[in-house]
Amino acid sequence: MTIEVDVSKRLGKFELDLSFASSGKVTALFGPSGAGKTSAVNLIAGLARPDTGRIAVGGTVLVDTSKRIFVPRHRRRVGYVFQDARLFPHLTVRQNLLYGRWFSRQRSHSVEFDDIVAMLGVGHLLARRPGGLSGGERQRVAIGRALLSNPALLLLDEPLASLDDARKAEIMPYLERLRDETRVPIVHVSHSVGEVARLADYLVVLSAGRAAAAGPLDELLPRLGALGGFERHETGSVVDAVVEHDGGEDGLSRLASPLGSIRVAGSAGRVGRPVRVRIRARDVLVATQRPDGLSALNILAGVVAEIGNGHGPSIDVRVECNGVSIAARITRHSGAALDLKVGKPVFAVVKGVALEPGGPSLS
Amino acid sequence: MTIEVDVSKRLGKFELDLSFASSGKVTALFGPSGAGKTSAVNLIAGLARPDTGRIAVGGTVLVDTSKRIFVPRHRRRVGYVFQDARLFPHLTVRQNLLYGRWFSRQRSHSVEFDDIVAMLGVGHLLARRPGGLSGGERQRVAIGRALLSNPALLLLDEPLASLDDARKAEIMPYLERLRDETRVPIVHVSHSVGEVARLADYLVVLSAGRAAAAGPLDELLPRLGALGGFERHETGSVVDAVVEHDGGEDGLSRLASPLGSIRVAGSAGRVGRPVRVRIRARDVLVATQRPDGLSALNILAGVVAEIGNGHGPSIDVRVECNGVSIAARITRHSGAALDLKVGKPVFAVVKGVALEPGGPSLS
Amino acid sequence: MDWMQLSGEEWQAVRLSIKVAFWAMVWSLPLGIAIALLLARGQFWGKALLNGLVHLPLVLPPVVTGYLLLLTFGTRGPIGAFLAEHFGLVFAFRWTGAALACAIMGFPLMVRAIRLSIEAIDRRIEDAAGTLGANAAWVFLTVTLPLSVPGIIAGMILSFAKAMGEFGATITFVSNIPGETQTLPSAIYTFTQVPGGDLGALRLTLVSVVISMTALLLSEWMAQRANRRLHAP
Amino acid sequence: MDWMQLSGEEWQAVRLSIKVAFWAMVWSLPLGIAIALLLARGQFWGKALLNGLVHLPLVLPPVVTGYLLLLTFGTRGPIGAFLAEHFGLVFAFRWTGAALACAIMGFPLMVRAIRLSIEAIDRRIEDAAGTLGANAAWVFLTVTLPLSVPGIIAGMILSFAKAMGEFGATITFVSNIPGETQTLPSAIYTFTQVPGGDLGALRLTLVSVVISMTALLLSEWMAQRANRRLHAP
Amino acid sequence: ARADDRLVVFAAASLKNALDEINAAWADKTGEPAAISYAGSSALARQIEQGAPADIFISANLDWMQHLSGNDLTRRGSETRLLGNSLALIAPAGSDVTLTIAPGFALKEKLAGGRLAMAQADAVPAGIYGKAALEFLGVWDDIRTEIAQAENVRAALKLVSTGEAPLGIVYRTDAAADTAVRIVGTFPDESHPPIVYPAAILAASKNPRAEAFMAFLSSPPAIAAFERQGFTVIMPAQSN
Ligand SMILES: Nc1ncnc2c1ncn2[C@@H]1O[C@H](COP(=O)(O)OP(=O)(O)OP(=O)(O)O)[C@@H](O)[C@H]1O
Ligand SMILES: Nc1ncnc2c1ncn2[C@@H]1O[C@H](COP(=O)(O)OP(=O)(O)OP(=O)(O)O)[C@@H](O)[C@H]1O
Ligand SMILES: [Mg+2]
Ligand SMILES: [Mg+2]
């Protein structure tokens, strides 16, 4: 399923001029407030028409101004979680949740009402109307409404913004399952690198209406710091791995990855399952000699491949271990103290619990 | 300035029954979605009346049902940033921002319009109406509107929820300045432990309409994990310190703290300035021998004071250094491998850049 | 209170007035909603014309409206003759004609109330319904219509009340035939035209007021219920 | 098009009608807004009564309204006598009386339109204004009032249009004095009463329609502007 | 109840009291009352033009009847002048004005700044008659700007009975029945065109009882009813 977007649209003085082609299952739209993320999603949903351009999802053309094609919104089968919940005020929460089902062609539904309600924790709200719901409750109902509409494309505009971490930790795995088990492509707008890194495989960085960068996540993520617009300490590396040994809830699991064997706290799922680990640059220490008696699970041998200029007091050091790059953020001072140079053999010390294959959210 | 709240209020089936007395400059309301945070703030703002109870801020009674006192909302001089922005749709952004000034008694304003506009990055929006603003833009205007109303009490209901990190990083220091330089008490609703830890000095943890815990931040923060409702890895310790040496933007600064001297990357501000550092449990490694050649700035000697049960594969270890507790989260496996026991001398290895006295947001 | 005793013919007028007002309101409702929607949302050539046409009965003296109705919907009028021939639908000098006159007189009020409510709807809610698969018609039925209930109720009560008071157009169009077209206002008018008729006029006026106020209270109650539903927790 | 030539007296009626309709609209506006606010927001004893009273002119045959006006606002009527004595304000046989009659006849329409708009306002916006220091009056002036502009405009045009067509109550209350109380509908009525007067009635009707349609277009334009402001980017 | 054989009478509204009484008598006699539609003569005449299902028309003036007969809408030969009335100058009951109606009489002075109430002088029969009478008496030009023209004669009466106007011109029938007004004087018959209520069977009527009803209108009980209301019965009494 590819998502091809090549559109331009003028909104007042703001110009959106966006072009990318994502082959990912989850495409993240990333960028500062006012960059045009919601505007882009509106174009995909059919809530606005591009002035010129073309949008196609999985080969189906949704808009093509040159061919005068415009599939109306109700035929696009998008499940859109709006930035503002936009619940139907005259319907109960249950009716809100089931609204989309009415119009979905398939009568047998892949996603189950009770499951979604339980996951979102809105069971006790079903009989109420949206009037008195709290901010987070509204947002959850909105997520449920979109998921239950049996969509062919999911558009999530900051769906988790006002949710607490515990709640996020219940919704994220669901979205991951959706990504892994169904063929529904997802466009995900988020400010949280953690969310993005965990869910997305394609990243579009928006800035002032343009794609400042677009590409597969693993290529872009290490460069995120340079692209600006978000907290620098979120920079990191993504490594795809396979479960080699599952240590159970309380134990240690082992993953096979290009980096070699990686140890992870807790269960990693069944052996053979592909997982993704993100290693934040700020969670990596660099040592010139292998440390002993340290509570770090993973100490990977490598060589310094690049020493970035960095911002202010810190620098990004790229350590190559078995041909895979790992970013480490250390202070300028430490870099000097350890006398780091390109080519110098070092150890990347990764705190064990910082590796998360599918556990709670990273952010 | 104390904030005393002792109220009960029924909303449909939901019962808010809240009681705390905060002597802090910034009181954080913390808790999962639907816990009653917004309801509590509404009571303080005078948007709702408690069924019974009393609210006083800085000695001034705002409500007291037993004495039939109810100060109407427009006399409370609260600057309320609503969870939903609630801008005036018929006024321009500039008029929205200046709305509160109209009604503030003092004509000389401590906060300057241009400063706030610049900080919030809404200068280019001033002539527009809220209609076409993006989610984050609305939120910023709402923050500006509350700040500019010259309030005697600031109520912030998840003010930064849908802002990107870069923007948060500009607003947080402003709020800190407000906290430190004015006598305006702040009530801050947030899901982000980072925000809370950085701003607040008093914490109220809400759960199902009740205060599950309330107390000064430094007492409560290390226990946060046990209280639930948020991501466990946010657990940490807060240490108040004073700048001893300022290393400038690119250098290393030194702070004097009960822990001893702490090294921090980047500028810490002028010497003598009181700062606060938060040390996240997940950013602390435990070593049984002092590591050498490691890019960690702070290696603090201490003894194991407590080994928690922890959740799943990880445990929280409390290391006492100079009489101050530092929490470290390590894997159960590492705990065993290092043979940690209460009383054992260890080193707490803290990654330098994880200490942030006033830099960008922590979350 | 002897003077409050209604004569048989007066009872007839009461019943007829309620019937006429009720059907005027009910018949004009679908068209009223459709036109309100067109005016609130449509962008089409001739919108101003349509809007003007809808307001015409308000602007014209009722006598003129009645006369125009007589000319077009009368047995000799172009529409009247057509309807009578093809559908057997006769308005002239029938209670149906009184209902038509009342419907038309109340139409601008009804349309305006519904239109105001439709214009107040947050269209982003409708957009949301669209993304969930509802086409224009379904969006209208499941979102727009329920959300404009306050206006619809207001429009209905305005139409009903107007019909209870309408007299000029009705008597000009369908005359004042007892049992067929003599509504309460016509009967009241007749009383005012003769010496000693004041008491009779007062009696019928009170009856008319009581009926309308009952309808008004009912409508307020319904509107309150609808409003509570819309903003309910 | 000789028949379209207006006589001097007819011109007078045209001017007077515009004057009466305009002032009827303007005078009833403040009270209309106040009562709409009360009905939309107030919870008080007698609210149903007030609501009924406002709707009365809609329900009563215009002749009855006119007669009631004569009884209360006439020189001998309790209110009329009081106003004349203390404020020198005389309605009987004056254009002011015509304006009063028109204002009262259009009042239910105006109130309902404004009320609908007020009821559609999101009260949380008003709450926000309250927390920023605005007391009830300021909230009303700076938030409620501007946000109900669509209803206010609708109410104004309904009142104006109604006044352009109102005849029964006006002529009953202040009769038909050329240059003082002879409005267009009265003049039209005169034509309809004599055989062969149709052309004259048609001429004046067209004039009346043109004026009202102009006002209507103007109101639509203002409403559109107001709406664009409210939803503008 | 809209049996097509029901007798439908279109009558000027001012006749309601008398005709209701006569209709009751007619119902006693024939077992079924006529349906009488009371409205302004002009409205009724226009409806007849547009094919109203009426059998008999009783107008409050000659003009509309002539308008209909000129268009062949009345049955030839059925038209009769049924009733007459006269015009009275009235004042509120409490007023003590005295005036003798004569050419050039001091109407304007007696108004003392108030207005003379009458029905619309160019439209409504009572107004037309009143204007003619004042013209005949040579006071119209004096007084034309002092006139309050009402929608109909009943409204003019109200203006006087409420004291709004110090003087008014109405039919004697109306004046006599209202205790709130006092008749100051009666206009001489020659000062205005004859006040006549004509009646006719309509050309479109197929109702066999129309003629009987017309005849009944001049039967003794009918005459008595008309006279009780103050009308003069012009049509010679017929015996049934
Ligand atoms: N109708 C409009 N007229 C003028 N400007 C508009 C309009 N709609 C959007 N904009 C502007 O376009 C820019 C992009 O808006 P958009 O809502 O897409 O931002 P966003 O990336 O979703 O931001 P956020 O993270 O704050 O939600 C904003 O600066 C906004 O003010
Ligand atoms: N008027 C009402 N009627 C019924 N229940 C209500 C009403 N208002 C609020 N509630 C309920 O009270 C609870 C607390 O709401 P509140 O808005 O205070 O939550 P919150 O802590 O601010 O949550 P969030 O973080 O999601 O904004 C919610 O479960 C909400 O559904
Ligand atoms: Mg957005
Ligand atoms: Mg909340």
Side-chain angles (χ1 to χ4, degrees), chain C residues 39 47-49 51-52 55-65 67-68 106 108-109 112-113 115-117 119-123 150-151 154-155 157-158 160-162 164-168 172 184-186 188-189 192 198 201-202 204-205 208-209 211-213 215-217 220 223 227 231, chain D residues 39 47-49 51-52 55-65 67 106 108-109 112-113 115-117 119-123 150-151 154-155 157-158 160-162 164-168 172 184-186 188-189 192-193 198 201-202 204-205 208-209 211-213 215-217 220 223 227 231:
Chain C
L39 290 177
K47 179 171 161 178
L49 204 76
N51 195 19
H55 282 81
L56 219 49
L58 200 62
V59 173
L60 295 180
V63 184
V64 174
T65 308
Y67 190 43
L68 290 177
L109 317 185
R112 184 59 85 155
R115 179 177 165 188
L116 273 171
S117 260
E119 281 172 340
I121 293 175
D122 185 350
R123 302 205 55 178
I157 188 64
L158 285 174
F160 185 87
K162 176 75 203 165
M164 287 303 294
E166 211 302 303
F167 146 69
T172 310
L184 269 176
S186 306
I188 294 170
Y189 165 80
T192 65
D198 288 7
L202 180 61
L204 292 187
T205 300
S208 164
V209 167
I211 294 169
S212 303
M213 291 305 125
L216 190 64
L217 280 177
E220 292 290 330
N227 255 314
H231 304 291
Chain D
L39 291 177
K47 179 170 162 180
L49 204 75
N51 195 19
H55 281 81
L56 219 49
L58 199 63
V59 173
L60 296 180
V63 185
V64 175
T65 308
Y67 186 47
L109 317 185
R112 185 58 86 151
R115 179 177 164 188
L116 274 171
S117 259
E119 281 172 340
I121 293 175
D122 185 350
R123 301 204 58 176
I157 187 64
L158 285 174
F160 185 87
K162 176 76 203 164
M164 287 302 295
E166 211 301 303
F167 151 69
T172 307
L184 270 175
S186 302
I188 293 171
Y189 174 75
T192 62
Q193 291 306 297
D198 291 9
L202 180 61
L204 292 186
T205 300
S208 165
V209 167
I211 295 169
S212 303
M213 291 304 125
L216 190 63
L217 281 176
E220 292 290 330
N227 255 314
H231 304 290

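Quick note on labels: first sequence line is chain A, next is B, and so on, each numbered from 1.
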Open item on the list: Can you tell me which portion of D/Leu216 sits under 4.5 Å from chain C's heavy atoms? Options are side chain, backbone, both or neither.
Closed with: side chain

Task: C/Ser117 portion near chain D, given a 4.5 angstrom heavy-atom threshold - done: side chain

Task: Options D/Lys162, D/Arg123, D/Glu166, ranked by heavy-atom pairs under 4.5 Å with chain C, top entry - done: D/Lys162

Open item on the list: Need one label for D/Arg115: side chain, backbone, both or neither, based on atoms under 4.5 Å from any heavy atom in chain C.
Closed with: side chain

Task: Part of D/Ser208 lying under 4.5 Å from any heavy atom of chain C - done: both

Task: D/Arg112 and its side chain to side chain contact (heavy atoms under 4.5 Å, CB included) partner, picked from C/Ile157, C/Leu116, C/Leu109 - done: C/Ile157

Task: Atom pair OH (C/Tyr67) and CD1 (D/Ile188), whose distance is rounded to the nearest 0.5 Å - done: 14.0 Å

Task: Atom group of C/Phe160 that falls short of 4.5 Å from chain D, counting heavy atoms - done: neither

Task: D/Val59 portion near chain C, given a 4.5 angstrom heavy-atom threshold - done: both

TODO: Could you tell me which of C/Ala113, C/Ala161, C/Ala48 has the largest number of non-hydrogen atom pairs under 4.5 Å with chain D?
DONE: C/Ala161

Open item on the list: If I measure from the heavy atoms of chain D, does C/Leu217 come under 4.5 Å with its side chain, its backbone, both, or neither?
Closed with: side chain

Open item on the list: At a 4.5 Å cut-off on heavy atoms, which part of C/Asn51 comes close to chain D: side chain, backbone, both, or neither?
Closed with: both

Task: Where D/Leu56 and C/Met213 come nearest, the two heavy atoms and their spacing - done: CD1-CE, 3.8 Å

- [ ] Count the heavy-atom pairs under 4.5 Å between each of C/Thr192, C/Ile121, C/Ile211, C/Leu158 and chain D, then report the option with the highest count.
- [x] C/Leu158

Open item on the list: Using heavy-atom distances under 4.5 Å, tell me whether D/Ala154 contacts chain C through its side chain, its backbone, both, or neither.
Closed with: both

Open item on the list: Once rounded to the nearest 0.5 Å, what's the spacing between atom CD of D/Glu220 and atom NE2 of C/His55?
Closed with: 7.0 Å

- [ ] Taking all non-hydrogen atoms of both residues into account, name the closest pair between D/Pro62 and C/Gly165 and its distance.
- [x] CD-O, 4.0 Å

Task: Contact winner vs chain C - D/Val64, D/Leu39, D/Leu58, heavy-atom pairs under 4.5 Å - done: D/Leu58

